[in-house]
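Chain letters run A, B, ... following the sequence lines, proteins first and then strands; every chain starts at 1.
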2 protein chains.
Amino acid sequence: MTRAKQKTLLEACRQQGLRITGPRRVILEVLSAAEDHPDVEELHRRVAAIEPGVNIATVYRTMTKLTEQGLIERHVFEDGRLRFERAPEVHHDHFIDVETGKVVEFRSEEIERLQEEIAEKYGYEIVSHRLELYVRPRSGS
Amino acid sequence: MTRAKQKTLLEACRQQGLRITGPRRVILEVLSAAEDHPDVEELHRRVAAIEPGVNIATVYRTMTKLTEQGLIERHVFEDGRLRFERAPEVHHDHFIDVETGKVVEFRSEEIERLQEEIAEKYGYEIVSHRLELYVRPRSGS
DNA sequence: CGCCCAGTTGCAAACGGATCGCAATTAGAG
DNA sequence: CTCTAATTGCGATCCGTTTGCAACTGGGCG
């Protein structure tokens with residue numbers, strides 16, 4: 001299954017005319033395997049585990065390219081770092097555990113709809129949005 | 001009315017036991033008058049217009065203090081800079097005009113409620129949240 | 001099959017926002 | 001008025017990100 005995703009991402013790159021170089025191939029592999037929302041440093045670490053010698057600047061540049069192509073999504077959470085995830089077919093929002101930093105995805109049709117409604121009321125058109133719920137595991141009960 | 005707010009903020013500081021120094025007095029004045037969501041550089045600029053010589057590090061430090069005391073709210077929008085606004089009595093969210101960067105506030109009870117609902121479903125307790133709608137003025141109609 | 005060059009990379013320097021160490025200053029309690 | 005802890009200005013520093021540049025290379029074309 002990871003394999004399927006991987007192929008898709010790599011092929012998407014080819015279609016966009018991006019050169020498939022050694023470093024890039026590894027970065028795509030790492031991105032395809034990622035189930036979370038790693039920052040650049042973390043991506044670089046994972047890449048280095050497969051193929052040392054890839055410079056972090058290359059990771060930055062590749063992420064910029066992929067974001068421009070719409071193949072991945074870039075987030076900036078409260079810590080200010082850039083984080084990435086493969087572009088999902090349908091948009092989703094995020095829970096962020098304030099203690100562990102762990103990110104969980106969710107989607108609410110109702111919230112999506114309400115946002116549109118409110119924007120319209122104000123005379124706006126939504127270009128994109130960001131909803132992050134900073135949470136902790138429900139204690140007690 | 002600005003006067004009323006100003007007094008409140010300054011008095012709140014006194015109550016918290018913060019020393020009211022020259023620089024601080026000016027920063028509080030600027031914050032009280034602000035209707036928008038300035039970043040530190042902008043705050044510093046406004047402060048300097050009233051009283052030159054206040055160092056930007058002082059602005060940073062003061063904002064940190066005020067945030068810790070819960071007197072102001074700190075935001076990090078997509079541009080990654082720290083932005084501030086006076087702590088509102090009731091929470092609100094933001095529209096951000098993608099072209100001008102202008103920030104407009106709104107509040108939706110329904111969305112607030114839905115967030116709680118969803119968090120509960122996932123077994124979380126919401127500590128805080130952030131909802132930003134990046135928009136442009138509705139064209140056409 | 002090899003040439004060629006625009007795209008890509010590694011490296012180091014630069015950048016920009018935010019923070020910090022330190023010595024000098026000062027608010028404000030007693 | 002005094003005394004001390006809080007605050008300030010200043011410069012250095014941090015850290016994530018970007019950039020300039022020379023070397024390298026993928027992959028289209030002959």
Side-chain cluster (under 4.5 Å, hydrophobic types only) that A:V90 belongs to, other residues: none

B:D39: salt bridge (charged side-chain N to carboxylate O under 4.0 Å, His left out) partners, not counting sequence neighbours: B:R81

Donor-acceptor side-chain pairing of B:H92 and B:E73 below 3.5 angstrom: no

B:E68: partners by salt bridge (charged side-chain N to carboxylate O under 4.0 Å, His left out), with sequence neighbours left out: none

Give every residue pair that meets the ring pair (Phe, Tyr, Trp, His ring centres under 6.0 Å) criterion with at least one member in residues 29-69 of chain A, sequence neighbours excluded. A:H37-A:H94

Going hydrophobic residue to hydrophobic residue with side-chain gaps under 4.5 angstrom, can you get from B:F106 over to A:I111? yes

Once you build an axis from the first five pairs and another from the last five of the helix from C:dC1-D:dG30 to C:dG30-D:dC1, how far apart in angle are they, to 10 degrees? 30°

Going hydrophobic residue to hydrophobic residue with side-chain gaps under 4.5 angstrom, can you get from B:L31 over to B:V40? yes

Please determine whether residues A:L131 and B:V104 belong to a single hydrophobic cluster, defined as Ile, Leu, Val, Met, Phe, Trp and Tyr linked transitively by side-chain heavy-atom distances below 4.5 Å. yes

Map B:R25 and B:V40 onto DNA chain C by nearest heavy atom, then report which one ends up closer to the 5' terminus. B:V40

Can you name the closest pair of heavy atoms from B:G101 and B:I96 and give their distance? O-CG2, 4.3 Å

Got a sec? Which of residues 45-62 of chain B come in under 4.0 Å of DNA chain C, heavy atoms? B:A57, B:Y60, B:R61

Counting only non-hydrogen atoms, which of residues 65-84 of chain B are less than 4.0 Å from DNA chain D? B:K65

Run the salt bridge (charged side-chain N to carboxylate O under 4.0 Å, His left out) test on A:E105 and A:R107 for me, step by step, so that the C-alpha distance in whole Å, both residues' side-chain angles and the decisive distance to 0.1 Å come before the verdict. CA-CA 7 Å; A:E105 304 169 354; A:R107 174 175 176 84; over 6 Å; no

Any pair with a residue in residues 42-59 of chain A that passes salt bridge (Lys or Arg N to Asp or Glu O under 4.0 Å), sequence neighbours left out, goes on the list, sorted by first then second residue, please. A:D36-A:R46, A:E41-A:R45, A:E42-A:R45, A:E42-A:R46

Any side-chain donor-acceptor pair under 3.5 Å between A:Q115 and A:H129? yes

On DNA chain C, which is the earliest and which the latest nucleotide, 5' to 3', with an atom closer than 4.0 Å to a heavy atom of chain B? C:dG17 to C:dG28

Less than 3.5 Å apart, which donor and acceptor atoms pair up between the side chains of residues 117-127 of chain A and the rest of the protein, not counting sequence neighbours?
residue, atom, partner, partner atom, Å
A:E117, OE2, A:R113, NH1, 3.2

Can you pull the salt bridge (Lys or Arg N to Asp or Glu O under 4.0 Å) pairs that have at least one residue in residues 92-104 of chain A, sequence neighbours excluded? A:E99-A:R136

List the steps and the verdict of salt bridge (charged side-chain N to carboxylate O under 4.0 Å, His left out) for A:E132 and A:R130. CA-CA 6 Å; A:E132 289 150 25; A:R130 172 161 85 155; 3.7 Å; yes

Mind checking which nucleotides bracket the chain B contacts on DNA chain D, 5' to 3', with an atom under 4.0 Å from a heavy atom? D:dA5 to D:dC10

